[in-house]
J.: 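I have a structure I would like to understand better, so I am pasting it below and will then ask my questions one at a time.
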Amino acid sequence: MKSIPILTKKNIWEIEKRLEKLAQAKYRKTGLPFVILKYAQTLDGKIATLSGDSKWISARSSLCFAHRLRNLSDAILVGVNTILRDDPQLTVRLIKGKNPQRIIVDGQLRISLDCKVLKGKGASSTIIATTSLSERAKVKRIQTRGAKVWLIKKDRAKQICLQDLLEKLGENNIRLLLVEGGSKIITSFLKKRLADHLIVIIAPKIIGEGVTCVNSSTQRRFKNLIFLSSYRVFKSDDDVIVEASLKWC
Ligand SMILES: NC(=O)c1ccc[n+]([C@@H]2O[C@H](COP(=O)([O-])OP(=O)(O)OC[C@H]3O[C@@H](n4cnc5c(N)ncnc54)[C@H](OP(=O)(O)O)[C@@H]3O)[C@@H](O)[C@H]2O)c1
């Protein structure tokens, strides 16, 4: 049996070149960003414990790879619960590189004004996508910190219409978008068929009850399963990384 190749500098470089090409081609054709869903999960498909703790599911080498992907991307997107739970910086720190823009999907502006993405000079690279459900006074307070607030229309579930958000990102020259979670955001991108590529880091750990990476309501019928194409598998320390295109027929 062929062993799983190790994620080396050379194949990271190859992955980056391929993703850049795919992103350029999609942007040229549609004006929309190429969307990569990236998350770290345990062997039993959890991205966090029941209390929401997700630090750190993956090995350090996988974290470095994740920072390479951030460096490659024009923007990183996360849901507001991830900000409230983890208070991430969403920057490139483990390698030398540029920080992408940070997009927070927050329909009612529940974000805390004390969170890291709204602190200091870096706040100017944060965009909060919200809806008409948010308070005007809070919009102003966020703008005072230097961040941008985009008003996006609501979908049927009164959540942010991700298709509209992608269009606005495209208009703002975002060609490659890295969606990092959490579960509700990953599920929405899959449900609406808005993701192009998947990078899943699988750690040899078992959590048991916890936050499931893809919500069970995504697919009710076996015939509606989401398929992957041209997938590749790598080993990164003890983790396994699956990298694939999403096949929407
Ligand atoms: N292991 C990993 O790779 C990883 C990565 C990231 C996060 N996480 C973990 O994931 C957990 C958080 O995940 P989560 O599922 O609770 O929340 P989430 O996906 O981070 O945020 C979801 C929230 O975003 C807002 N939203 C607005 N429009 C939306 C839309 N169209 N689709 C989906 N959400 C929309 C909703 O809040 P409103 O209704 O208020 O707008 C929704 O509750 C944390 O425990 C975090 O540690 C793990």
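Whatever order the structure lists them in is the order used to number ligands and atoms, beginning at 1. Source: prediction; values computed, not measured.
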J.: Taking side-chain hydrogen bond (donor to acceptor under 3.5 Å, both in side chains) as the test, write out the residues that go with S112, two or more places apart.
T.: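 None.
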J.: Can K205 and D44 be counted as an ion pair, charged N to O under 4.0 angstrom?
T.: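 No salt bridge links K205 with D44.
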J.: Below 4.0 angstrom, N of the basic side chain to O of the carboxylate: do K17 and E20 qualify?
T.: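 Counted as a salt bridge, because a side-chain N and a carboxylate O are separated by less than 4.0 Å.
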J.: May I ask you to identify the nearest protein heavy atom to atom 18 (P) of ligand 1, giving residue, atom name and distance to one decimal place in Å?
T.: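 The closest heavy atom on the protein side is G182 N, 3.6 Å.
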J.: Please compare K192, K184, Q159, R85 and report which has the shortest non-hydrogen distance to atom 36 (C) of ligand 1.
T.: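 Selected option, by shortest heavy-atom distance: Q159.
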J.: Could you find the nearest protein heavy atom to atom 20 (O) of ligand 1 and give me its residue, atom name and distance?
T.: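 Minimum-distance protein heavy atom for atom 20 (O) of ligand 1 reads T82 OG1, 2.6 Å.
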J.: Need the ligand 1 atom indices (1-based, order shown) with element for anything under 4.0 Å from a heavy-atom of E180.
T.: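 Heavy-atom distances to E180 below 4.0 Å select 5 (C), 6 (C).
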J.: In chain order, what residues pass the side-chain hydrogen bond (donor to acceptor under 3.5 Å, both in side chains) check against E167, with sequence neighbours excluded?
T.: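 For E167, the residues satisfying side-chain hydrogen bond (donor to acceptor under 3.5 Å, both in side chains) (neighbours in sequence not counted) are Q163.
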J.: Only heavy atoms of R110, strictly under 4.0 Å: list the atoms of ligand 1 that pass.
T.: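 Answer, ordered by atom number: 37 (O), 38 (P), 40 (O), 43 (O).
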J.: Starting at CG of L118, measure out to CZ of R141 and round the result to the nearest 0.5 Å.
T.: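 The CZ atom of R141 is 11.5 Å from CG of L118, to the nearest 0.5 Å.
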J.: Would you mind listing which atoms of ligand 1 come within a distance below 4.0 Å of any non-hydrogen atom of A48?
T.: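 In order of number, 45 (O).
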J.: Provide, to 0.1 Å, the distance between atom 46 (C) of ligand 1 and the closest protein heavy atom, together with that atom's residue and name.
T.: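 Of the protein heavy atoms, D86 OD2, 3.3 Å lies nearest.
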J.: Which residue owns the protein heavy atom closest to atom 28 (N) of ligand 1, what's the atom, and how far is it?
T.: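 Of the protein heavy atoms, I160 N, 3.1 Å lies nearest.
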J.: Between S61 and D237, do the side chains contain an N or O donor and an N or O acceptor separated by less than 3.5 Å?
T.: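 Indeed, the side chains of S61 and D237 share at least one donor-acceptor pair under 3.5 Å.
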J.: Identify the protein heavy atom lying closest to atom 9 (C) of ligand 1, giving its residue, its atom name and the separation to 0.1 Å.
T.: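 Among all protein heavy atoms, the one nearest atom 9 (C) of ligand 1 is I47 CD1, 3.9 Å.
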J.: Do K26 and D196 sit within salt-bridge range, that is, some charged N less than 4.0 Å from a carboxylate O?
T.: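 Yes, charged N to carboxylate O under 4.0 Å.
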J.: Hey, which atoms in ligand 1 end up nearer than 4.0 Å to a heavy atom of G79?
T.: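 Within the 4.0 Å cut-off of G79, ligand 1 contributes 18 (P), 20 (O), 21 (O).
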J.: Could you tell me whether A40 and ligand 1 have an N or O pair separated by under 3.5 Å?
T.: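 In this structure, A40 places an N or O atom under 3.5 Å from an N or O of ligand 1.
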J.: What atoms of ligand 1 come closer than 4.0 angstrom to any heavy atom of G107?
T.: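 Taking each heavy atom of G107 in turn, ligand 1 has 41 (O) under 4.0 Å.
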J.: Would you kindly say whether K154 and S132 are connected by a side-chain donor-acceptor distance under 3.5 Å?
T.: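 Per modelled atom types, K154 and S132 side chains form a pair under 3.5 Å.
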J.: Residue-level breakdown please: for I186 versus ligand 1, do any non-hydrogen atoms fall below 4.0 Å on the side chain, on the backbone, on both, or on neither?
T.: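 Neither part.
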J.: Looking only at protein heavy atoms, which one is nearest to atom 17 (O) of ligand 1, and what is the separation?
T.: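 Going by distance alone, atom 17 (O) of ligand 1 is nearest to N81 CB, 3.0 Å.
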J.: Note the single closest protein heavy atom to atom 45 (O) of ligand 1, along with its residue, its atom name and the distance in Å.
T.: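 Nearest protein contact, heavy atoms only, for atom 45 (O) of ligand 1 is G52 O, 2.9 Å.
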J.: Any luck finding a side-chain donor-acceptor pair between S236 and D239 under 3.5 Å?
T.: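 No donor-acceptor contact under 3.5 Å links the two side chains.
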J.: Between E14 and K10, is there a salt bridge with N-O shorter than 4.0 Å?
T.: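 Looking at E14 together with K10, the answer is yes, because their closest N to O distance falls below 4.0 Å.
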J.: Provide, to 0.1 Å, the distance between atom 25 (C) of ligand 1 and the closest protein heavy atom, together with that atom's residue and name.
T.: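 Of the protein heavy atoms, V105 O, 3.7 Å lies nearest.
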J.: Could you list which atoms of ligand 1 come closer than 4.0 Å to a heavy atom of S183?
T.: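 Listed by number with element: 13 (O), 14 (P), 15 (O), 19 (O).
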J.: As a quick check of understanding, evaluate side chain to side chain contact (heavy atoms under 4.5 Å, CB included) for I36 and L177, giving each step before the final call.
T.: CA-CA 6 Å; I36 303 173; L177 177 69; over 6 Å; no
J.: Do N99 and R70 get their side chains close enough for a donor-acceptor pair, meaning under 3.5 Å?
T.: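 Per modelled atom types, N99 and R70 side chains form no pair under 3.5 Å.
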J.: What atoms of ligand 1 come closer than 4.0 angstrom to any heavy atom of Y39?
T.: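 This gives 3 (O) as the contact atoms.
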J.: N/O of S54 under 3.5 Å from N/O of ligand 1, yes or no?
T.: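 S54 vs ligand 1: N/O contact under 3.5 Å present.
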